[in-house]
Engineer: 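Let me give you the structure first, and then I'll get to my questions.
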Amino acid sequence: MSTSALSKQYEPTEVEARWIRFWIENGFFHADENSPRVPYSITLPPPNVTGSLHIGHALGSTMQDILIRWHRMRGDNAMWMPGIDHASIAVHVLLEKDLKRSENKTRFELGRDEFMRRAWKWKERSGNRISEQEKLMGFSLDWPRERFTMDERSNRAVREAFVRLYEEGLIFRAKRMINWDPASETVVSDLEVDTVDENGSLWSIRYPIVGGGPDDAIVVATTRPETMLGDTAVAVHAKDERYLALHGKQIELPLTGRTIPIVPIDIIRDGKAWPDPAFGTGAVKVTPAHDPNDYAVSQIANLPVLEVIDRQGKLMAPAPAKYVGMTVEQARKAVVADLEAGGFLVETKPYKVPRGRSQRSGAVIEPMLMEQWWVKAKPLADKAIAAVEQGKTKFVPEHYTKTFMHWMTHIEDWCISRQLWWGHQIPAYYCADGHVTVAREQPAACKQCGKPDLRQDDDILDTWFSSGLWPFSTLGWPDKTHDLRTFYPNSVLVTAPDIIFFWVARMMMMGIHFMGKVPFKSVYLTSTVVDESGAKMSKTKGNVIDPLDVVNGATLDTLLARVDQEKPPDPDEIKKRIKKQSPEGMPAMGADALRFALAALNTGSSRIRLSPDRIKEYRNFINKLWNASRFALMNFDGYDPARFEAQIHGPNGRTGLGVAERWILSRLQHACTAVNTALEAFRFADAAQAIWHFVWNELCDWYIELAKPHLHQSEELTEDPARAARRHVVQGVLATALETTMRLLHPFAPFVTEEIWQKLPKGQPLPESLMVTVFPEADPEWIDPAAEAEIGVLQDITSACRMLKQTYKLPPAQSVEVELAVRSDATRVSIEKFKDLVERMAKVKATFASGQENTMTPGAAKTVVNAEVEVRMPLGGLVDAAAETKRIAKDIEKNQKDIDAIEKKLGNADFVDRAPPDVIAEQRARLADHQAIHARLAEALATLGAAP
RNA sequence: GGGCGAAUAGCUCAGCGGAAGAGCGUCGCCCUUACAAGGCGGUGGUCGCAGGUUCGAACCCUGCUUCGCCUACCA
């Protein structure tokens with residue numbers, strides 16, 4: 001391909017599509033389970049089948065791909081398992097809403113078989129979407145291994161796990177207090193309930209005492225008056241003196257005609273006495289069937305349980321007929337009105353009510369008493385706790401260990417049955433007599449009574465049950481497969497902290513239980529991506545950044561149209577912000593730009609503030625890299641990689657290099673070290689920054705500029721064999737530096753690096769893709785402190801010259817004479833070697849002046865570079881003596897401040913006595929250096945007086 | 001209510017015991033044949049507040065303030 005075809009700006013769209021196809025077709029993402037190489041495995045947290053790739057996925061998956069690609073290039077047998085989760089309740093909410101809208105039917109009216117048929121159809125349609133999006137991001141997932149949590153193999157694993165846990169007594173059926181979602185008509189786990197404070201009321205109600213006078217009553221306070229229809233007692237604290245006389249008395253429960261007892265209770269809940277005599281009147285109504293706390297009390301005090309709310313969240317008998325069929329809200333109003341009419345209502349005051357809402361459906365959760373399937377959590381949790389304590393699994397950032405441990409030590413039994421259809425049906429079978437047989441396959445007869453015609457339990461399992469098995473069910477469990485032997489445990493799990501309990505904890509418990517080993521050695525918890533003002537991204541707020549928009553671009557119209565689709569509360573405000581933020585829409589910045597941005601911004605703090613402008617910064621970096629490569633490719637004519645490599649690896653390889661070449665190769669080693677050590681510690685931002693700094697501030701800003709004079713073709717050059725040889729060496733170093741950079745950057749920005757790498761001239765035969773080359777490691781042989789020191793001085797002198805030129809507003813293109821006043825001959829010899837480079841970089845003509853005394857004619861601007869070197873720019877009458885004095889005086893002042901601080905330190909006897917010797921020596925050296933600079937500055941200031 | 005985390009340049013964040021840093025922004029100058037998605041130079045900070053430990057504190061300890069994120073059945 002002709003290099004002239006390279007465009008001035010990098011165009012990601014075409015390039016990315018080409019390479020993703022190439023990688024997949026060549027099977028580079030696929031790992032061999034029989035490979036003898038060291039395994040490195042990650043299981044992708046399977047995204048919900050309902051979802052599409054959002055920025056949180058992009059973040060987590062990019063970090064995983066960086067790790068996977070890095071390890072693959074390091075020679076490990078890297079396997080990244082893709083998959084999709086069936087997301088039981090999320091699918092229900094979505095499909096049922098759709099059903100309601102299009103056919104005005106509930107799922108019950110549609111029937112289970114038809115509902116499932118539609119769910120599968122829908123899964124087939126949308127299940128591929130997210131995989132396609134993952135491919136666009138360049139994620140090197142092992143596609144032939146892709147799995148679905150409801151596929152046949154996963155089904156088998158789920159049944160196997162259920163049966164084993166049941167046989168071990170770790171799964172059981174029991175009637176307990178559960179969270180009922182009346183909208184989806186299913187139980188949900190504690191974790192699926194969001195408790196929010198909502199505006200409500202606190203009602204005080206008089207319960208008249210049986211056999212008492214008209215004024216004999218006990219007053220209770222409640223936020224849920226409708227539940228009084230199911231009250232079976234009033235509780236008072238046993239030691240509450242106000243009520244001692246009432247212990248054992250009965251009250252007439254208004255509206256119901258029932259009488260219930262006043263019971264003394266004395267228990268401690270959450271470290272506090274219950275009932276709390278200080279709260280309200282100190283008397284509490286007890287509704288065991290519809291309040292978890294009251295249920296617990298009823299068990300202790302042996303109170304009857306009266307269920308008055310049904311599965312639809314409506315009142316039912318034995319509530320009085322008047323209220324039967326009302327929703328909870330309707331009943332609340334009716335009960336309050338009736339209490340008031342009957343003279344039972346004492347007070348109504350506004351109150352913040354903590355109200356549980358279903359995370360998925362948004363419905364108010366009704367605590368109910370029901371028979372459900374449970375996992376006995378404690379024995380499983382104890383083993384997980386022990387494993388973490390023994391360091392078998394480590395959390396990064398480390399403080400999440402506490403979060404995990406806290407939850408695990410307070411864990412409650414896990415309700416796993418759901419009254420939904422989309423999911424794994426529970427492998428429990430009932431005979432006509434109601435005996436349970438739990439089995440892997442449909443049994444022919446009841447285990448207990450031998451009766452045939454068993455009916456399978458209607459319920460399905462919590463989605464997270466199959467997710468808990470995922471790290472090994474994807475590898476073929478319960479079979480003893482090569483996959484399992486090679487890739488279990490996973491090397492690391494990368495996921496969001498909000499599913500530590502939902503998922504991480506359950507995988508830990510299940511993995512240890514069934515596999516005898518933790519499922520992963522590390523857990524890396526990702527940050528939350530928020531918008532530029534720190535707000536969570538949400539569709540209703542209209543502040544989401546869609547990764548696909550970043551990759552492919554989106555017109556302003558598309559972005560605005562999407563706002564209307566979401567029907568947020570304030571669409572105009574959102575549109576205004578979008579117009580302001582992206583007046584031209586979102587440019588196509590490519591997957592590399594997004595990936596590199598996410599890595600660079602991922603400093604490990606709990607939030608990442610992301611905006612299109614931030615991503616642009618990294619798009620610019622990719623473009624910078626592209627152009628540096630473009631420049632190099634325009635100058636590789638006549639370059640012979642084999643010849644260069646033979647030379648560089650020969651006995652005198654290094655002597656043929658100039659100081660700039662030695663310097664850039666040395667800096668490259670540092671960059672390699674920085675990237676590798678950063679990635680070892682999951683410090684993605686440090687790794688990205690190290691590459692950015694090397695590419696932009698060292699390779700582009702200095703090396704390429706220093707190399708230019710040697711690369712530019714000229715007649716003179718072709719005729720001079722020495723200069724031609726030199727050009728060849730410079731070409732070789734530039735090619736080497738770029739080639740290494742591509743390998744170093746590849747895990748972060750796979751597309752642009754592959755595109756450039758394929759075009760670079762390379763020596764020995766290499767693999768057909770960059771992604772299967774070897775990741776760079778620093779070679780200490782090429783670390784060159786002398787070259788680094790020399791180029792450091794070159795940079796300082798260049799900057800000093802540029803600064804003086806700009807201060808005196810000299811046109812950058814105009815060459816200006818400068819004098820370099822140098823202290824020692826040794827320094828002079830060293831600078832002479834690169835004087836011509838300084839002249840070119842700063843556009844100056846440099847001569848040496850004797851440093852010992854000021855031999856230069858007055859009327860020069862001056863600046864002190866270091867203790868050894870001073871730059872003087874003779875400007876005659878142009879020099880502004882006053883400004884010059886001011887500038888130098890400022891330098892002196894700053895320098896003096898440091899001197900004072902160091903002298904104070906060294907003058908402190910305690911410091912000299914107690915500080916370590918190397919620290920003292922360091923301070924003494926600093927002081928000497930500063931004093932030398934001070935002398936030069938003072939000298940410069942003194943000579944200014946001589947200016948005209 | 002309990003737990004965890006964070007407060008450093010205008011913004012976003014590194015630094016976590018011995019010289020206050022980066023990127024972006026801002027202000028100048030430059031279309032210098034890789035890149036204006038660029039180059040060069042400058043400006044900018046009592047490191048949230050108050051104590052303590054130490055020869056020495058942005059960094060360790062204590063308290064306070066303000067913001068995040070989890071978590072919780074206070075009638």
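So you know, we letter chains A, B, ... as the sequences are listed, proteins then strands, and number each from 1.
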Engineer: Checking only heavy atoms, does the side chain of A/Lys905 share a donor-acceptor pair with the base of B/A19 at less than 3.5 Å?
Structural biologist: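 Under the 3.5 Å cut-off, the side chain and the base do not form any donor-acceptor pair.
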Engineer: Looking only at the aromatic ring of each residue, does the gap between the centers of A/His934 and A/His930 stay below 6.0 angstrom?
Structural biologist: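 Here the rings of A/His934 and A/His930 have centres that are no less than 6.0 Å from each other.
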Engineer: So, are A/Lys905 and A/Glu903 salt-bridged, with charged N and O less than 4.0 Å apart?
Structural biologist: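 A salt bridge is absent here (no side-chain N lies under 4.0 Å from a carboxylate O).
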Engineer: Looking at B/C40, B/A19, B/A34, which one has an atom nearest to any side-chain atom of A/Met634?
Structural biologist: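 So the nucleotide nearest the side chain must be B/A34.
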Engineer: If you look at every strand shown and take non-hydrogen atoms under 4.0 Å, does A/Asp498 touch a base, only sugar-phosphate, or nothing?
Structural biologist: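 Nothing, no heavy atom under 4.0 Å.
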Engineer: Distance check needed: B/G39 P versus A/Asp701 CG, whole Å only.
Structural biologist: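 Checked: the CG to P distance equals 6 Å.
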Engineer: Is there side-chain contact between A/Pro917 and A/Val919, with at least one heavy-atom pair below 4.5 Å?
Structural biologist: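 The answer is no, as the side chains (C-beta and beyond) never meet within the 4.5 Å cut-off.
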Engineer: Round to a whole Å and report the spacing from CG of A/Leu804 to P of B/G41.
Structural biologist: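 The answer, rounded to whole Å, is 12 Å.
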Engineer: Which residues in residues 281-295 of chain A have at least one heavy atom lying under 4.0 Å from any atom of RNA chain B?
Structural biologist: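 RNA chain B contact set from residues 281-295 of chain A: A/Val284, A/Asn293.
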Engineer: Would you kindly compare A/Gln9 and A/Pro916 by the position of their nearest RNA chain B nucleotide and give the one closer to the 5′ end?
Structural biologist: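 The residue mapped nearer the 5' terminus is A/Pro916.
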Engineer: Let's see if you can work this out: which of B/G41, B/C35, B/A19 has an atom nearest to the side-chain heavy atoms of A/Met803?
Structural biologist: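 Selected nucleotide (nearest to the side chain): B/G41.
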Engineer: What string of B, S and - do you get for nucleotides 24-30 of chain B, 5' to 3', if B is base contact, S is sugar-phosphate-only contact and - is no contact with any protein heavy atom under 4.0 Å?
Structural biologist: S---B--
Engineer: Protein within reach of the bases, or only the backbone? For nucleotides 5-16 of chain B, mark each nucleotide 5' to 3' as B, S or -, using heavy atoms under 4.0 Å.
Structural biologist: S------SSSS-
Engineer: Does the B/A34 base have a donor-acceptor partner in the side chain of A/Glu705 within less than 3.5 Å?
Structural biologist: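 Indeed there is one.
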